[in-house]
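Chain A is the first sequence line, chain B the second, and so forth, proteins listed ahead of strands; every chain is numbered from 1.
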Protein chains: 2
Amino acid sequence: MEKQTRTGGEATRLALIEAAIRLFGSQGYDAVSTRQIADAAEANIGSIAYHFGGKPGLRLACAEYVANRIATLAAPAAVSSLPAEPDAATAMLEAAIERFARFLVSSRDAGTYAAFLLREIIQPGEVVDYIYDTLIGRAHKRLCALFGVATGLVPESPQVKAAVFSLLGQVLYFRVARPVVLKRMDWDDIGETETDQLVNVFRTNVRGLIAAHRKG
Amino acid sequence: MEKQTRTGGEATRLALIEAAIRLFGSQGYDAVSTRQIADAAEANIGSIAYHFGGKPGLRLACAEYVANRIATLAAPAAVSSLPAEPDAATAMLEAAIERFARFLVSSRDAGTYAAFLLREIIQPGEVVDYIYDTLIGRAHKRLCALFGVATGLVPESPQVKAAVFSLLGQVLYFRVARPVVLKRMDWDDIGETETDQLVNVFRTNVRGLIAAHRKG
DNA sequence: GTCTATAGTCGGATAGAC
DNA sequence: GTCTATCCGACTATAGAC
């Protein structure tokens, strides 16, 4: 892969991917036309065929791009080693959920990426496989390990796996059903204040879940 | 509205709606063609224009149908009055979440309806407004009331609203991200056994959340 | 109410000039 | 690598026979 990030082909390639992620995320793959994408990227229609072979190729390129971006942003979290003490594990889980929540709910880029990923995750496909292998699977496994230490349960047991999905799911909900949440909360937007409120609830939830599942 | 549920127009009308819900839910509104729907309903293409004016009209009719069906199915739950004791409220919350989970995860019809609703909820639109007003808003409010009794918190406070969304969100996750869950759990499907396992986790989660949020 | 034929639109892909 | 012109296919919607 030759590098020429500034000018020429690579620039329009990126512009196309970023425009496509935004449009696919907000309207869905089928609802977006290649012309729309080219316009938004200020590129030519032909360039999509040139760079990606066609619309499906562009979709895959978007998935790779998003997966890499998120992996990069989330990388620091994956490095640290597993603690031995339940309290330490609980604290790390809380912190992880907070990071996830802040990333998902308030970061602007993340909103775009999340919308794109969500659309893909809803139904099976090769994009989902790719994302699962590079992102979700690993992250979930690591959180299960933490949950195992925190509760004394077997990390790879169905119970732990499901509980961890519950923790992630509640956070995701506020992104998926954002319109509904805003309406019910009487919020115009989820800004700093609102995010802090939500994070507090999530943290309490994490502690509650761990306590409820704890062995003995 | 004239009734002739057995034969003629009303029958094909229903067939069209039911086929459309299934297809819209699994593939998305834009990805489905009116021909596909007509074929699946064993009806003629022209009948869509006749009964609903066009594809958008059919979409709205689907939303109304789903909202009414779910409202009917969930009606028994909404009748009972508010308990005074925290323990009773907790038990009712647990039961409500279990009902919701069984409905959402295992019931076949619900799976279809849920998939359709999810697609609509992701992005704002008049369908979402309708569904919020007839379904989600009321149900959420009632659950908040129960949560308030169970914890001693103010039912309409942001904290309670968010906590209740968390409870619902975790359940919804297993529907939204079903492909991911199946992969990670190493399940082929979410049958009776699997649903029971999940319900147990949800029940534990409810108790944990209430305990963690409880005042004093 | 049902069905067919057709008009009109739009989208993806391609070929080829630059 | 970029851009234009164009083809082909698929779709929705409409009009009208039955």
Side-chain angles (χ1 to χ4, degrees), chain A residues 1-63 65 116 119-120 125-127, chain B residues 1-63 65 116 119-120 125-127:
Chain A
M1 205 195 283
E2 300 168 27
K3 270 200 181 177
Q4 43 177 132
T5 3
R6 272 196 206 182
T7 170
E10 200 62 15
T12 63
R13 201 189 121 90
L14 267 182
L16 283 170
I17 289 180
E18 278 162 4
I21 291 171
R22 223 173 310 123
L23 289 166
F24 288 160
S26 63
Q27 303 178 44
Y29 177 79
D30 293 285
V32 177
S33 73
T34 52
R35 292 164 215 274
Q36 241 180 301
I37 298 168
D39 282 357
E42 293 183 351
N44 199 274
I45 318 175
S47 52
I48 291 177
Y50 178 78
H51 286 286
F52 311 102
K55 204 185 177 187
L58 176 53
R59 182 188 210 162
L60 247 174
C62 288
Y65 181 84
F116 173 81
R119 300 244 182 212
E120 298 291 341
E126 66 177 318
V127 168
Chain B
M1 204 194 282
E2 299 166 30
K3 270 201 182 174
Q4 44 179 130
T5 5
R6 273 195 204 180
T7 170
E10 199 64 13
T12 63
R13 200 188 122 91
L14 268 182
L16 283 169
I17 290 180
E18 277 162 5
I21 291 171
R22 224 172 310 123
L23 289 165
F24 288 159
S26 62
Q27 305 179 43
Y29 177 78
D30 293 284
V32 177
S33 74
T34 50
R35 290 163 216 275
Q36 246 179 297
I37 298 168
D39 282 357
E42 294 182 349
N44 198 270
I45 319 173
S47 53
I48 291 177
Y50 177 78
H51 286 287
F52 312 102
K55 204 184 176 189
L58 176 53
R59 179 188 211 162
L60 248 174
C62 288
Y65 180 83
F116 173 82
R119 301 245 182 210
E120 297 291 339
E126 65 177 317
V127 169

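For A/His51 and D/dC3, the NE2 to C1' distance is 12 Å, given to the nearest whole Å. The distance between atom CD of B/Glu10 and atom P of C/dG1, rounded to the nearest whole Å, is 8 Å. Straight-line distance from the CG atom of B/Asn44 to the P atom of C/dT2: 9 Å, rounded to whole Å. If you measure from atom CG of B/Asp30 to atom C1' of D/dC11, you get 12 Å, rounded to the nearest angstrom. Summarising the geometry, the separation between NZ on A/Lys55 and C1' on C/dC10 is reported as 12 Å, rounded to the nearest angstrom. Taking atom CZ of A/Phe52 as the reference point, atom C1' of C/dA13 lies 16 Å away to the nearest angstrom. Atom OH in B/Tyr50 sits roughly 13 Å away from atom C1' in C/dC3 (whole-Å rounding). In this structure, A/Ile45 atom CD1 and C/dT14 atom C1' are separated by 12 Å, rounded to whole Å.
Using a 4.5 Å cut-off on side-chain heavy atoms (C-beta onward), B/Tyr50 and B/Asn44 make no contact. Side-chain contact between A/Phe24 and A/Ile37 is present, with heavy atoms from C-beta onward closer than 4.5 Å. At a threshold of 4.5 Å between non-hydrogen side-chain atoms, the residues A/Leu58 and A/Cys62 count as touching. Contact of the A/Phe52 side chain with the A/Arg13 side chain is registered, since non-hydrogen atoms from C-beta on lie closer than 4.5 Å. Between B/Asp30 and A/Tyr29 the shortest side-chain heavy-atom distance does not fall below 4.5 Å.
A pairwise comparison of heavy atoms in B/Thr34 and B/Lys55 identifies CG2-CG, 3.9 Å as the closest pair.
Near DNA chain C, meaning a heavy atom under 4.0 Å from it, residues 34-42 of chain A has A/Thr34, A/Arg35 in order of number.
Within the 4.0 angstrom heavy-atom criterion, only backbone atoms of the sugar-phosphate kind lie near B/Ser33; the bases stay farther away.
A/Ser47 has no side-chain polar atom (N or O) that falls below the 4.0 Å cut-off from OP1 or OP2 of D/dC3.
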